[in-house]
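For reference, the structure is listed below as structure tokens.
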Amino acid sequence: MCRNLYLSLAMALVIPPVINAADGLQYPSPARVDTVDTYFGITVPDPYRGLEDENAPATRRWVADENKLTRSYLDAIPFRSALRDRIAMLNNFAKRGAPWRGNDGRVYQSVNDGLKNQSVIMVIDGDNETVFFDPNKLSEDGTVALTGLFQSPDGKYTAITISRSGSDWTEIYVMETATGRLLEDHIEWAKFTDAQWHGDGFFYSAYPRPDGGRDFTAANTGHNIYYHRLGTPQSDDTLAFADPDQPLHFHSAYVPEGLPYLLIIGGGEGIGSSLAIKSLETTDAPVQQIISGQDYPINIIGEAGGKLYLLTSMGAPRNRLMALDLANPTLENWQEIVPESTDAVLASVSMAGERLLLNYEKDAASLVKIADLAGSNLGTVSLPGIGSVSISSSKRYPDEAFMTFTSFTAPSSIYSINPATGSTTLVFRPEIEGVNFDDYVTEQVFYPSADGTMIPMFLTYKKGLARDGNNPVYLYGYGGFNISLTPSFNPSRMVWLENGGIYAQANLRGGSEYGEEWHAQGIKQNKMNVFNDFIAAAEYMIGQGWTKPELMTIEGGSNGGLLVGATVNLRPDLFRVAIPRVGVMDMMRYHLFTIGWNWASDYGTSADSPEMAAYLLSYSPLHNIKSGGSVPYPAIMVTTADHDDRVVPAHSFKYAATLQAADTGTAPKLIRIDSNAGHGAGKPVSKVIDEYTDIYSFIFNNINRSPIEK
């Protein structure tokens, strides 16, 4: 087991600031401590343990000093101001989400006319649009984000979930739908939840508030399901489900519309979900366990004819659609509706009346088919090209469905779908002033990784670009948690493309691009496959004559930040710039903070076994920085945020401090610490523009290219 050998915070050792002879940077000096942990006999020093305490005065001073240094560096870049203006212009275009029809019969849509920090929810009636909910009024700086709207079955009430400063913590309010009047109901300390209506209230999931003021770092335990009755205080809410024997499990509620059942979905231990059911007809009804393990993902699609439709990888690594009879839900009675495909992954399913819209991913791009509730194929939805699709539809409205379509060179357009025929009609296509998307091309290539596995990668660039080795490349990857990287549009990325850069997006193992087998090849003691896939992507771009190491940038966020940090340690010679964003950098202690324990299904933990501890230590970005090596490190800018309670900023703090204290060459090693921001979701547009301005300024400056002013 893992145990703390000794911890001495009293013997703080202060080291002198590091002077970078080439760029003149003087890095702040956090206090060092004689902290050593022992993992199955392996001793691991942790000299910057003090930076894990975000409330400590010393940490706050260090953060302020680091931000001052980073700002002085970035603000001195001569083209930064012009670059920000261009990125703001690229983001200043009308954006709309797919419409949906509420239970009150009205059509809703998220709308942003350009640079609003948060999109506004509108009610659409023909050509008339009225504001239903404007999150921008919740804060002056746009840091309060709307995360969900959930209407009661009769449409009379709407539960609203919000997040403050990018935190995963959720608050729930209730609005009278027709009038917009806010009720007194208010739920706090909810997390990873929606509002599942039943009777005169709703179910939700929440944790106890963390002790000791560690709201954004303490490990979250005791995720329970509660029932809230309208008009009552949260203190009167009823505990609907708890599992005290498994304090690290997630528990989510689902109530089939109009039926007296509570479905309980569990998670947090394996890669998938458990499933249980409870009758709501009596208060003391027992919980019937349907699936006890968490070996397979289970996503509830909806209910029809007393059957609950589920998307799962159980018995089908590329997923299949199953149905269970709610009156007789045991596993042996499940019915296969849509079998596993041999050449594509069934990524999601939507109901439109008695039609199923099946969204497949084939080589990481969308393919949409139509089936009836028995699974019979009824046709294919026509798509405008190679890209990514999301679908908005409802069982209540059989003739109405919408989809958004996006690609690397196409902002999200909206199409209506005829569920009977699969035909589509363009409803909305955004335009960005001064950008001609016909000037760019996307191609998909396949390259061999170290073990010979062929890895797909999308390349987007300006038409006519020569393979002369002089093209800047921005290589992006993720490679984990069964998440697929499909084509998507980022307006800020256009500043890279229009200046002759290539955007490369590699579909690494660990994701879901080819189902569970692809995922399994990139987890736990197969994690090195992910890093090798990423390294091979860079080598391919160089070998094919697109670029050279002096023009290569790598970036990734969260698990992708881990990817960047580990890859830089392995092959610093391949890259000129690295941007690890909100990364998991301390693989020995990640499971001790907030919901980090939930990532053990992908990573394993240092407490699992001697072999797992040694494997994690072998690639942990924090612990493998090569000081005094013969190969200098690239320029690195770490990014994190003060309210990131998904991957706590201590990861980035300790990694940056270690980088700055090490002898890794003269290229800058900076950290950008955002305020009133979290892991990324819900970030206001103004902060998004500022962040990408800093990232691209740092990149262009360190590849010695000045972006063309537009």
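Bear in mind the structure is a predicted one, so any value in this text is a computation, not a measurement.
By the side chain to side chain contact (heavy atoms under 4.5 Å, CB included) test, Ser274 pairs with Gln289, Gln294, sequence neighbours left out. Among residues two or more places apart in sequence or in another chain, the salt bridge (Lys or Arg N to Asp or Glu O under 4.0 Å) test is passed with Asp215 by Arg209. In terms of the side chain to side chain contact (heavy atoms under 4.5 Å, CB included) criterion, residue partners of Thr605 (sequence neighbours excluded) are, by chain and number, Tyr590, His591, Ala600, Ala607, Asp608.
The aromatic ring centres of Phe593 and Trp599 sit 6.0 Å or more apart.
In this structure, Asp168 and Phe192 have side chains that are in contact, with non-hydrogen atoms separated by less than 4.5 Å. The shortest side-chain heavy-atom distance between Pro247 and Trp597 does not fall under the 4.5 Å cut-off. The shortest distance between side-chain heavy atoms of Met122 and Arg96 does not fall below 4.5 Å. Leu324 places none of its side-chain heavy atoms less than 4.5 Å from the side chain of Ile277. Between His643 and Asp674 there is no side-chain heavy-atom pair separated by less than 4.5 Å. Contact check for Lys95 versus Ser119: no side-chain heavy atoms found under the 4.5 Å cut-off. At least one side-chain heavy atom of Pro99 sits under 4.5 Å from a side-chain heavy atom of Ile414. Residues His519 and Ser512 fail the side-chain proximity criterion, which asks for heavy atoms closer than 4.5 Å.
Summarising the geometry of Asn103 relative to Gln151, their closest heavy-atom pair is N-OE1, 2.8 Å, with the distance given to 0.1 Å. Minimum heavy-atom separation, Ser558 to Val647: OG-CG2, 3.8 Å. Minimum heavy-atom separation, Ala195 to Phe202: CB-CD1, 3.9 Å. Nearest approach of Pro329 to Ile290, heavy atoms of both residues: O-CG2, 3.4 Å. When all heavy atoms of Thr177 and Tyr157 are compared, the pair lying nearest together is OG1-C, 3.2 Å. The two residues Leu378 and Asp372 have their closest heavy-atom pair at CD1-N, 3.7 Å.
Side-chain N or O atoms of Lys395 include one that pairs as donor or acceptor with a backbone N or O of Glu303 at under 3.5 Å. Under the 3.5 Å distance criterion, the side-chain polar atoms of Asn224 are left unmatched by any main-chain donor or acceptor of Ala242. Side chain of Glu513 to main chain of Leu485: a donor-acceptor pair is present (N/O by atom type, distance under 3.5 Å, no hydrogens or angles). Under a 3.5 Å cut-off, the side chain of Asp194 and the backbone N or O of Gly148 do not form any donor-acceptor pair. A side-chain donor-acceptor contact under 3.5 Å links His251 to the backbone of His223. The main-chain N or O of Arg318 is found under 3.5 Å from a side-chain atom of Glu340 such that the two form a donor-acceptor pair. Checking side-chain atoms of Gln335 against main-chain N and O of Ala323 turns up no donor-acceptor pair under 3.5 Å. Looking only at distances, a side-chain donor or acceptor of Gln109 sits under 3.5 Å from a matching main-chain atom of Gly97. No donor-acceptor distance shorter than 3.5 angstrom exists from the side chain of Glu176 to the backbone of Arg181, with no hydrogens or angles considered. Checking side-chain atoms of Asn136 against main-chain N and O of Gln118 turns up a donor-acceptor pair under 3.5 Å.
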*asked:* I'd like to know whether Lys116 forms a side-chain contact (heavy atoms from CB on, under 4.5 Å) with Val685, so could you lay out the CA-CA distance, the side-chain angles of the two residues, the decisive distance to 0.1 Å, and finally the verdict.
replied: CA-CA 7 Å; Lys116 280 190 170 67; Val685 170; over 6 Å; no
*Going through the checks in order, is the side-chain contact (heavy atoms from CB on, under 4.5 Å) test met by Asp141 and Asn117?*
CA-CA 8 Å; Asp141 59 359; Asn117 276 322; 5.8 Å; no
*Could you give me the CA-CA distance, side-chain angles and deciding distance for Ile595 and Arg646, then say whether side-chain contact (heavy atoms from CB on, under 4.5 Å) is met?*
CA-CA 7 Å; Ile595 61 158; Arg646 184 80 57 86; 3.7 Å; yes
*Assess whether side-chain contact (heavy atoms from CB on, under 4.5 Å) is satisfied between Trp189 and Gln234, documenting all intermediate values.*
CA-CA 11 Å; Trp189 304 108; Gln234 184 178 1; 5.5 Å; no
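With rounding to the nearest 0.5 angstrom, the OG atom of Ser139 is 9.0 Å from the CG atom of Asn676. Taken from CZ in Phe216 to OG in Ser167, the straight-line distance is 5.0 Å, to the nearest 0.5 Å. We find the CZ-CE distance between Phe133 and Met175 to be 5.5 Å, quoted to the nearest 0.5 Å. Summarising the geometry, atom OG belonging to Ser652 is positioned 8.5 Å from atom CD1 belonging to Ile673; distances are rounded to the nearest 0.5 Å. Between Ile301 atom CD1 and Asn299 atom CG the span is 6.0 Å, to the nearest 0.5 Å. Atoms CD and CD1, from Gln196 and Ile225 in turn, are 9.5 Å apart once rounded to the nearest 0.5 Å.
By the neighbour-count criterion of 12 heavy atoms within 6.0 Å, atom CG of Asp211 is sparsely surrounded, having that number or fewer from other residues, nucleotides or ligands. Heavy-atom contacts from other residues, nucleotides or ligands closer than 6.0 Å to NZ of Lys687 number more than 12. By the 6.0 Å contact criterion, CD on Glu188 is enclosed, its count of non-hydrogen atoms from other residues, nucleotides or ligands being greater than 12.
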Donor-acceptor contacts under 3.5 Å from residues 309-316 side chains, at least two apart:
unit_1	atom_1	unit_2	atom_2	d
Tyr309	OH	Leu373	O	3.1
Thr312	OG1	Pro297	O	2.9
Thr312	OG1	Met314	N	3.0

Please list, one pair per line, the donor and acceptor atoms closer than 3.5 Å that link side chains of residues 256-273 to other protein atoms, with sequence neighbours excluded.
unit_1	atom_1	unit_2	atom_2	d
Glu257	OE2	Arg396	NE	2.9
Glu257	OE2	Arg396	NH2	2.6
Glu269	OE1	His249	NE2	3.1

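The aromatic rings of Phe489 and Phe93 lie perpendicular to each other, with more than 60° between the two planes, well past the 30° mark. Ring geometry for Tyr108 against Trp100 counts as parallel: the plane angle stays under 30°, on a 0 to 90° scale with 60° as the upper cut. Between Phe481 and Tyr478, the ring-plane angle classifies as tilted under the 30° and 60° cut-offs.
Evaluated for a side chain to side chain contact (heavy atoms under 4.5 Å, CB included) with Tyr173, the options Thr158, Asp185, Ile162 yield exactly one hit, Ile162.
Within the structure, ring pair (Phe, Tyr, Trp, His ring centres under 6.0 Å) contacts touching residues 269-307 (residues at least two apart or in different chains) do not occur.
Thr406 and Ser388 form no side-chain donor-acceptor contact under 3.5 Å, judged by distance and modelled atom types alone. Using a 3.5 Å distance cut-off with no hydrogens or angles, the side chains of Asn333 and Asp325 do not pair a donor with an acceptor. A donor-acceptor contact closer than 3.5 angstrom is absent between the side chains of Thr640 and His651. Side chain to side chain, Thr147 and Thr161 meet the donor-acceptor criterion of an N or O pair below 3.5 Å.
Ion pairing between a basic and an acidic side chain is recognised when a charged N comes within 4.0 Å of a carboxylate O; Asp154 and Lys156 show no such pairing.
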